[in-house]
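For reference, the structure discussed in these notes is given below.
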Protein chains: 2
Amino acid sequence: MLACVRSSGLKLTPQRLAIVRELAADPTHPTAQELFERLRPALPTMSFATVYNTLDALASAGLCVALSLSPGASRFDPNMDAHHHAVCDRCGLVRDVPCEPSELLAERSDEIVPGPLTAAPGFEVRAVERIYRGLCAACAKGRQDESAHAAARHAGRSEENNRLRPAGARRARRPEHG
Amino acid sequence: MLACVRSSGLKLTPQRLAIVRELAADPTHPTAQELFERLRPALPTMSFATVYNTLDALASAGLCVALSLSPGASRFDPNMDAHHHAVCDRCGLVRDVPCEPSELLAERSDEIVPGPLTAAPGFEVRAVERIYRGLCAACAKGRQDESAHAAARHAGRSEENNRLRPAGARRARRPEHG
DNA sequence: CTTGCAACTGATAAACTTTCTAAGTATCAC
DNA sequence: GTGATACTTAGAAAGTTTATCAGTTGCAAG
């Protein structure tokens, strides 16, 4: 991937090197904020804007994609092969889900692109993606524990909730496509 | 839908009435900002926060859903039946795409929920949704015109671009799942 | 190895989206 | 009608993302 950075006409700075390495090594599709915080020990002077600039440059070069699949900050995906996503309703975590073999046999190695949508006349379909909504392993386990504790103690809000809710978001939010 | 508002224990205020009516009548899944601006003539004193409060109340009552399918503001969907979405890469517009008959035959009237994901062990799938990415009719036509004009005049950036990009976003953004 | 330019970084401001707070107001059950 | 409660308004505030600009640095050419 680093070679692609150079061949895309992008200069290979220490900041970009660190960001690309961290992004490529992380299957959880981190946000810009997460990348920034993880790299802060190694690059204490790096600006937050540099993280965004770099991710934008990578995306423009076709080396990663910005995902907006749940409220809150965008997540960045270095996997440019055809794949789908599993999105946690609770913490927003995103994991890749490979295409099924039948999909990979399609003409485009990307996704199966069907004919025009009768529901949306004139809409030009470029790609079709699938989103699996639900609870990631950690949140599913967390909820079990929570309800178990809630049964033991009557109503004590004891567990600190580790939901990674969008920034200012404090209220509960109904999951999409309920 | 208005009856549902009352039966959900929500008070039926003029603001809510207007918001519900506007939302239910609009198939394009407007943002909070768009609803606010459209209702401003009828309700000049309505606060922007009221739009958010109302949409949040509706979502919590299960009467609409907040969609985060592209960067920028959330869009609100009053259609609670099982369906998918077509999302415009350029302007962010969202249109509903009904499920196919085969999907509606599934056990849940919602979506076909497959077995556990081998790619994400422990992930509890609640629903599967499909996103058709591409260009809406208006943007597809707009791009044709743009390239036609660009060919005529050599490089004049004459057409004002009507992209509804996320807030501060000025730069071009690579569509997801490129 | 030096040099120069273009691209990049860092810092900050700013725009936008969303939520919170506090005080006043209106809805609805009785 | 009347009161409790939920709602609205307005403004502040927090989080995300982009713009601006001066200073620095990567890197290609010499």
Side-chain angles (χ1 to χ4, degrees), chain A residues 2 5-20 30-37 39-40 43-61 66-76 92 163-173, chain B residues 2-3 5-20 30-37 39-40 43-61 66-76 92 163-174:
Chain A
L2 291 172
V5 174
R6 290 274 20 256
S7 64
S8 298
L10 299 174
K11 292 185 177 176
L12 196 46
T13 67
Q15 296 84 355
R16 287 182 173 177
L17 193 114
I19 290 170
V20 167
T31 63
Q33 177 84 51
E34 285 166 6
L35 286 172
F36 177 65
E37 287 170 4
L39 297 174
R40 195 198 273 279
L43 295 152
T45 70
M46 183 171 63
S47 166
F48 194 49
T50 295
V51 179
Y52 270 103
N53 286 340
T54 295
L55 291 169
D56 190 77
L58 292 174
S60 294
L67 300 175
S68 302
L69 302 179
S70 56
S74 294
R75 290 170 174 273
F76 293 86
R163 308 192 191 193
L164 303 177
R165 283 222 223 80
R170 306 290 142 71
R171 250 179 271 179
R173 189 146 194 173
Chain B
L2 291 173
V5 173
R6 291 270 27 253
S7 64
S8 297
L10 299 174
K11 292 185 178 176
L12 196 47
T13 67
Q15 294 86 352
R16 286 182 174 175
L17 193 114
I19 291 170
V20 167
T31 64
Q33 178 83 51
E34 285 166 7
L35 287 172
F36 177 64
E37 286 170 3
L39 296 175
R40 193 199 273 280
L43 295 153
T45 70
M46 183 172 64
S47 167
F48 194 48
T50 295
V51 180
Y52 270 102
N53 287 341
T54 295
L55 291 169
D56 190 78
L58 292 175
S60 294
L67 301 175
S68 302
L69 301 178
S70 56
S74 294
R75 290 171 173 274
F76 292 86
R163 309 192 191 191
L164 302 177
R165 282 222 224 80
R170 303 291 141 69
R171 250 179 269 177
R173 189 147 195 173
R174 182 128 312 203

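Every value quoted in this text rests on a predicted model; they were computed, and no experiment measured them. Only heavy atoms go into these numbers, but all of them, side chains included; no hydrogens, no water, no symmetry mates. Order of the sequence lines sets the chain letters (A, B, ...), proteins ahead of strands, with each chain counted from 1.
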A/Phe48 CZ to C/dA14 C1', in whole Å, measures 15 Å

Closest heavy-atom pair, A/Leu10 versus A/Ala57, reported as atoms and distance to 0.1 Å, is CD1-O, 4.1 Å

Rounded to whole Å, the CZ-C1' distance (A/Arg16 to C/dG10) equals 14 Å

Assert: residue with more 5' nearest nucleotide on DNA chain D, out of B/Ala49 and B/Pro14, is B/Pro14

To the nearest angstrom, the CG-P distance between A/Asn53 and D/dC21 comes to 15 Å

When rounded to whole Å, the CG to P distance for the pair A/Leu58 and C/dC8 reads 11 Å

Phosphate OP1/OP2 of C/dT18: any B/Ser74 side-chain N/O under 4.0 Å
yes

Under 3.5 Å, is there a donor-acceptor pair between the side chain of B/Arg75 and the main chain of B/Leu69?
no

query: At under 4.0 Å, does any side-chain N or O of B/Gln15 touch on OP1 or OP2 of D/dT9?
result: yes

Contacts of B/Gln33 and A/Pro44 projected onto DNA chain C by closest heavy atom; the upstream (5') one is A/Pro44

Among C/dG10, C/dT9, D/dT9, the one nearest any side-chain atom of B/Ser47 is D/dT9

When rounded to the nearest 0.5 Å, the distance separating CG of A/Asn53 from CG of A/Leu58 is 11.0 Å

Under 4.0 Å, heavy atoms only, any strand: does A/Thr45 hit a base, just the sugar-phosphate, or nothing? sugar-phosphate

Between CZ of A/Phe76 and P of D/dT17 the distance, given in whole Å, is 6 Å

Separation of D/dC7 atom P from B/Leu43 atom CG, nearest Å, is 17 Å

A/Asp56 atom CG is separated from D/dA19 atom C1', nearest whole Å, by 12 Å

Within the sub-3.5 Å range, which N or O atoms of nucleotides 28-30 of chain C have a protein N or O partner, and how far apart are they?
unit_1, atom_1, unit_2, atom_2, d
C/dC28, OP1, B/Leu12, N, 3.1

note: B/Tyr52, atom OH; D/dA14, atom P; distance rounded to Å ~ 18 Å

- Taking side chain as C-beta onward, heavy atoms only, is A/Ile19 less than 4.5 Å from A/Met46? yes

Worksheet item: Hey, is the main chain of A/Ala49 close enough, under 3.5 Å, to the side chain of A/Ser47 for a donor-acceptor pair?
Response: yes

Residue pair B/Ser68 / A/Pro71, side-chain heavy-atom distance below 4.5 Å:
yes

OG1 (B/Thr54) and CG (B/Leu35) are apart, to the nearest 0.5 Å, by 10.0 Å

